[in-house]
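What's counted below: heavy atoms across the whole structure, side chains too, no hydrogens, waters or symmetry copies.
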Amino acid sequence: MKTRLLVATVLAVVVFAACERGGEIITEPGQAPGVAAPTYEVVLNPTRVNAWIDSSFIGFTNPSNATFLRSEETDLLSSRGLVRFGFIGDSLLLGDTVIATIRFDSARVIFDVDSARTVLASGGTTLQLFSITEEWDRGTANWQMAIDSVGIQVPWTDGPGGSYGVLMGDSLMTWEAQTSAGSDSIVIWLDNVDTDSLLRAWLDTAQSNDGLGVLVGDSGSATLSLPRIRYNVVPETDPDTSLEVSLFATDGTFIFDRTAEGSPAGIMRVGGVDGWRSFLEVEVPDTVTVVGVGRVPLRGSSISKAQLFITSLGPPDPPFAADQAFFITGYDLVDDFTVLGAKTPVGPQLIGSDIQLNPESMAAGDTLAVNFTARMQRWSDGPVGSTEPLRLSIRAIPEATTFGFWEFGAADGDQQSWPVIRVVFTLPTEFILP
């Protein structure tokens, strides 16, 4: 693993102000009405501050927050998509006329395929649609539970992984078929079920619309967009005509049989569908040691730049490594996460802290720099002797854009991958009054 070491350097730039007195330009520092203000750079690691605590928490998102479904059967993970279509109607609006429907003629479900995150078996991968036989909750359904909300826990009747009824349709997905069709999409006709009975049951609000389960029938992994359904209806005014209606899924999530273990020691995590966030608290000293200069005041200085450097530890164990680039950003924390944990309130976003995480460079042990200059300046403007620490949070933005997350070195881990803070600052200028 390649690790970039941050070397503490000292930048001592003396800035001399030019002023005008009686039409004469004064450039000699000894004649100026002030004292030069040097600028320094200091790198603070966990041993060069009064205290450094960092930790990671999970559970800020869930699969229903994602804009995609995962459906797969591999040695590493089993996953099924759950989708529901609402707003099925038994009438049509043609111009200004509402026309009743006498029959739902046919239906098919269309998925757009994320080819970059899809791995098909050598002969292709069969995608299947099954009826779901019991009610499930989009926001809390998981591998064990159909409903897992506060005070209500309902396990899947047929055991972990969901309760499924009849096979409604399937389709073999191959890259050759997708290429010849001119797009990365797959169409599954609901041809193993009476379409009219199915859709009339879905539009009956007195019944529970349990929707469809999306499963891989053999082996492979597919990452799919939330689907749309296209169905044909026959209007009562013209029984020889068939009209097409298209609707997007109103509910969608996925369930999977393996979850990431709690964040181990020495590791900070960011990203993932379950929403890992890293929190840190740093007690920065009022004065710091600059090589070749000695102790200088940091509190009260003007902060030119402050950055938190975090070093990649390489990808997490499969299948939890992020499989595409995503952005991370920093937030101010407004309370003590060592007390409140994951429920710690998050304050404003740190301006200019956005940075892209690229899995390819991160796999090589690259380092990211999260800018928090304005937040550091607020700390510097505080009173000398204050024990109020810097509290920051790092998260993906937006969250739930990729199933996997990424791992970085923490303060209780290997020293070579410690997080560090780099600050460029200018000492306060002292003016000599006449």
Side-chain angles (χ1 to χ4, degrees), residues 1-9 41-46 48-49 52-58 60-61 260 263-264 266-273 275-282 284 303-316 320-333 337 346 348-376 390-424:
M1 177 182 71
K2 178 182 69 176
T3 302
R4 297 183 180 178
L5 300 180
L6 297 173
V7 181
T9 61
E41 175 183 324
V42 65
V43 176
L44 304 174
N45 65 34
R48 299 190 65 190
V49 296
W52 186 308
I53 305 171
D54 52 44
S55 188
S56 296
F57 299 100
I58 193 174
F60 299 96
T61 66
S263 182
I267 292 177
M268 294 193 295
R269 288 176 172 169
V270 180
V273 155
W276 287 95
R277 296 180 185 178
S278 287
F279 292 179
L280 67 153
E281 176 181 296
V282 182
V284 182
I303 308 301
S304 302
K305 179 164 284 188
Q307 296 168 298
L308 171 70
F309 286 84
I310 52 176
T311 300
S312 169
L313 298 179
F320 297 112
D323 50 13
Q324 66 176 8
F326 64 93
F327 282 86
I328 67 171
T329 192
Y331 281 83
D332 193 5
L333 282 179
F337 73 86
V346 175
Q349 184 178 353
L350 302 177
I351 298 173
S353 63
D354 294 7
I355 187 170
Q356 188 177 47
L357 187 156
N358 189 311
E360 292 184 0
S361 61
M362 290 294 99
D366 211 347
T367 297
L368 295 181
V370 180
N371 188 337
F372 67 103
T373 303
R375 177 66 184 89
M376 189 72 193
L390 282 168
R391 293 190 179 107
L392 310 176
S393 175
I394 306 170
R395 50 160 282 197
I397 181 171
E399 292 184 297
T401 57
T402 181
F403 175 69
F405 50 85
W406 211 261
E407 295 181 335
F408 299 89
D412 57 347
D414 187 345
Q415 182 175 344
Q416 298 298 315
S417 56
W418 270 354
V420 296
I421 291 174
R422 171 182 175 264
V423 185
V424 179

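The side-chain hydrogen bond (donor to acceptor under 3.5 Å, both in side chains) test applied to Trp406 returns Ser312, not counting sequence neighbours. With sequence neighbours left out, the ring pair (Phe, Tyr, Trp, His ring centres under 6.0 Å) criterion links Phe57 to Phe279. The side-chain hydrogen bond (donor to acceptor under 3.5 Å, both in side chains) test applied to Thr329 returns Gln349, Ser353, Asp354, not counting sequence neighbours. Residues that satisfy the side chain to side chain contact (heavy atoms under 4.5 Å, CB included) test with Ile355, not counting sequence neighbours, are Ile328, Leu368.
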Under 3.5 Å donor-acceptor pairs involving side-chain atoms of residues 356-365, not counting sequence neighbours:
from	atom 1	to	atom 2	distance (Å)
Asn358	OD1	Glu360	N	2.9
Ser361	OG	Asn358	O	3.1

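Within the structure, every pair that satisfies the salt bridge (charged side-chain N to carboxylate O under 4.0 Å, His left out) test and touches residues 390-413, not counting sequence neighbours, is listed here: Arg269-Glu407, Arg277-Glu399, Glu281-Arg391, Glu388-Arg391, Arg395-Glu399.
In this structure a side-chain-to-backbone donor-acceptor pair under 3.5 Å is missing from Thr402 to Gly272. A distance-only check finds no donor-acceptor pair linking the side chain of Asp54 to the backbone of Ala410 [under 3.5 Å].
The two residues Ile421 and Trp52 make their nearest non-hydrogen contact at CG1-CH2, 3.8 Å. Between Trp276 and Ser56, the closest heavy-atom pair is CE3-CB, 4.0 Å. Nearest heavy atoms, Ala396 versus Val270: N-CG1, 3.7 Å. Residue Phe309 comes nearest to Ala369 through the heavy atom pair CE2-CB, 3.6 Å, listed as atom of the first residue, atom of the second, then distance.
Between the OG1 atom of Thr311 and the CD atom of Gln416 there is a distance of 9.5 Å, given to the nearest 0.5 Å. Taking CD from Glu41 and CZ from Arg422, the interatomic distance works out to 4.0 Å, rounded to the nearest 0.5 Å. A distance of 9.5 Å separates CZ in Arg375 from CG in Leu333, rounded to the nearest 0.5 Å. Going from atom CD1 of Ile310 over to atom OG of Ser417 covers 11.5 Å, rounded to the nearest 0.5 Å.
Side-chain contact between Leu350 and Asn371 is absent, with no heavy-atom pair separated by less than 4.5 Å. Between Phe405 and Pro316 there is a side-chain heavy-atom pair separated by less than 4.5 Å. A heavy-atom distance below 4.5 Å is not found between the side chains of Val346 and Asp332. In this structure the side chain of Pro419 never reaches within 4.5 angstrom of the side chain of Leu280, judged on heavy atoms. Phe337 is listed as a side-chain neighbour of Ile53, based on a closest heavy-atom distance under 4.5 Å.
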Query raised in the report: Going through the distances and angles, do Leu308 and Ile394 end up as a side chain to side chain contact (heavy atoms under 4.5 Å, CB included)?
Result: CA-CA 10 Å; Leu308 171 70; Ile394 306 170; 3.5 Å; yes
